[in-house]
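The structure presented is a predicted model; accordingly, all values stated were derived computationally and were not measured.
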Amino acid sequence: VNYAVTAGTAEGAGTDYTLSSGTATITAGQTSTTVSLTVINDLIDEPDETFTLTLSSPAFAIIGSNTSTIYTITDNDTAGVTITEPGGSTTSTEGGATDSFTAVLDTQPTTTVQLIFATSTYGLTLSTSTLTFTSSNWNTPQSVTVTATNDAVAEGTHTTSVTPLLSASAYGYDVLSLTAFVVTITDNDTALVTITPTSFSLAEGRAESYTVVLTTPPTSTVQVLLAPETGLALSASTLTFTTSDWNTTQTIFVTSTNDTLYTGDRTLAITSTPSTTAHGYRSLTLASITISIQEDDVRGGGSGGCSAVSG
């Protein structure tokens with residue numbers, strides 16, 4: 001009996017299967033024979049595929065009602081991308097060590113697949129943002145180097161995410177979603193408030209000044225709250241530094257109270273306290289400003305007095 005193999009969605013000639021049209025012979029005394037069919041175990045993610053086997057032109061026999069059968073080839077591959085981070089994580093240091101990760105496809109694509117990486121902040125640079133995989137290099141891992149941006153912002157150890165996205169029309173890859181992963185960045189900047197000078201002398205009733213400025217850009221507005229001890233008056237009680245004017249020096253004038261009481265030379269202080277959510281600055285402790293007050297009244301002096309009258 002002749003049999004014809006008709007391709008459906010599956011392709012013959014060794015692409016999806018090896019069976020070709022031919023003739024099957026059932027020997028005398030037998031009721032059946034075997035026609036060998038080999039399904040190709042490829043590495044391509046594809047939908048289940050079909051082909052049809054049809055019998056015809058029997059010799060010394062009659063074909064029954066079932067002259068053809070549709071066979072379905074069930075696929076066993078699943079499109080995927082494997083991203084490997086050395087040591088299980090990716091880290092980088094501002095102005096220092098870089099790191100890398102690799103990416104590779106799990107199955108052979110039918111058309112070119114592009115893997116595009118997007119970062120959640122500007123604090124990270126990738127050696128490339130796009131990897132291209134073809135049907136020939138799909139199983140060769142490709143590497144991406146990660147470098148932390150060496151900025152001047154005091155942000156402490158922080159993280160940014162890298163999101164892989166697929167641009168592909170290949171079956172399986174066209175609907176595949178990938179999970180973002182985190183890169184840990186070690187900061188090399190230190191939050192600091194510079195106060196100049198931190199101590200000076202001041203006569204009663206006189207004024208002097210000092211300056212305050214931030215040394216690194218904050219991630220949000222920083223206020224410095226000033227609290228003088230009794231006997232001192234300040235030109236401002238709050239200094240505000242933003243992300244744009246953080247390096248603009250601000251001047252504070254200090255005036256010593258001019259009383260009429262003799263209290264002697266003494267030391268008074270001004271306490272400065274940061275008020276902010278900015279990393280580094282929010283936990284910063286500032287040294288007090290010490291002011292040596294020079295007494296200008298005479299011991300025992302004052303507005304009162306006494307007189308003697310001789311008789």
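Of the possible donor and acceptor atoms, none in the side chain of T249 sits under 3.5 Å from a partner among the backbone N and O of T211. Looking only at distances, no side-chain donor or acceptor of S100 sits under 3.5 Å from a matching main-chain atom of T145. Judged purely by atom type and a 3.5 angstrom limit, D75 uses its side chain to pair as donor or acceptor with the backbone of E46. Judged by distance alone, with hydrogens and angles left aside, the side-chain atoms of N188 form a donor-acceptor pair with the main-chain N or O of E94 at under 3.5 Å.
Side-chain contact between F117 and T130: absent, with no pair of heavy atoms (C-beta onward) separated by less than 4.5 Å. Between I293 and L232 the shortest side-chain heavy-atom distance falls below 4.5 Å. Taking 4.5 Å as the limit, some side-chain heavy atom of L19 sits within range of a side-chain heavy atom of Y3. Considering only heavy atoms from C-beta on, S201 comes within 4.5 Å of Q294 through its side chain. Side-chain contact between I116 and T163 is absent, with no heavy-atom pair separated by less than 4.5 Å. Between T251 and Y210 the shortest side-chain heavy-atom distance does not fall below 4.5 Å. Using a 4.5 Å cut-off on side-chain heavy atoms (C-beta onward), T52 and Y71 make no contact. Residues V193 and I195 are in side-chain contact: their nearest non-hydrogen atoms beyond the backbone lie under 4.5 Å apart.
Remark: the S169 side chain and the T111 side chain contain an N/O donor-acceptor pair separated by less than 3.5 Å. For T242 and D245, the side-chain atoms include at least one donor-acceptor pair closer than 3.5 Å. A donor-acceptor pair shorter than 3.5 Å cannot be found between the side chains of T184 and T91. Donor-acceptor pairing under 3.5 Å is recorded for the side chains of N2 and T23. Remark: the T125 side chain and the T147 side chain contain no N/O donor-acceptor pair separated by less than 3.5 Å.
Residues E85 and V182 share a closest heavy-atom pair of OE1-O, 3.9 Å. When all heavy atoms of L192 and T216 are compared, the pair lying nearest together is N-OG1, 4.3 Å. Looking at every heavy atom in both residues, V146 comes nearest to S92 through O-OG, 3.7 Å. When all heavy atoms are compared, the tightest approach of T102 to P141 is CB-CB, 4.4 Å. A pairwise comparison of heavy atoms in S292 and T267 identifies OG-OG1, 4.3 Å as the closest pair. Residues T6 and Y17 share a closest heavy-atom pair of C-OH, 4.4 Å.
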Checklist entry - Do N137 and T134 pass the side-chain hydrogen bond (donor to acceptor under 3.5 Å, both in side chains) test, and can you show the C-alpha distance, the side-chain angles, and the key distance before you say yes or no? => result CA-CA 5 Å; N137 76 343; T134 66; 3.1 Å; yes
Next on the checklist: One pair to check against side chain to side chain contact (heavy atoms under 4.5 Å, CB included): F241 and L239. What are the steps and the verdict?
Outcome noted: CA-CA 7 Å; F241 297 91; L239 304 178; 3.9 Å; yes
Checklist entry - Under the side chain to side chain contact (heavy atoms under 4.5 Å, CB included) criterion, do V224 and T240 qualify, and how do the steps go? => result CA-CA 7 Å; V224 179; T240 300; over 6 Å; no
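Between F181 and F101, the angle of the ring planes goes over 60°, which puts this pair in the perpendicular group of the 30/60° scheme.
Just one of L131, L105, D106 meets the side chain to side chain contact (heavy atoms under 4.5 Å, CB included) condition when paired with V81; it is L105.
Ion pair E229/R266 not flagged as a salt bridge, since none of the NZ, NE, NH1 or NH2 atoms sits closer than 4.0 Å to an Asp/Glu carboxylate oxygen.
In this structure, L165 places its CG atom where more than 12 heavy-atom neighbours from other residues, nucleotides or ligands lie under 6.0 Å away.
Legend: residues meeting ring pair (Phe, Tyr, Trp, His ring centres under 6.0 Å) with F253, ordered by chain and number and at least two apart, are absent.
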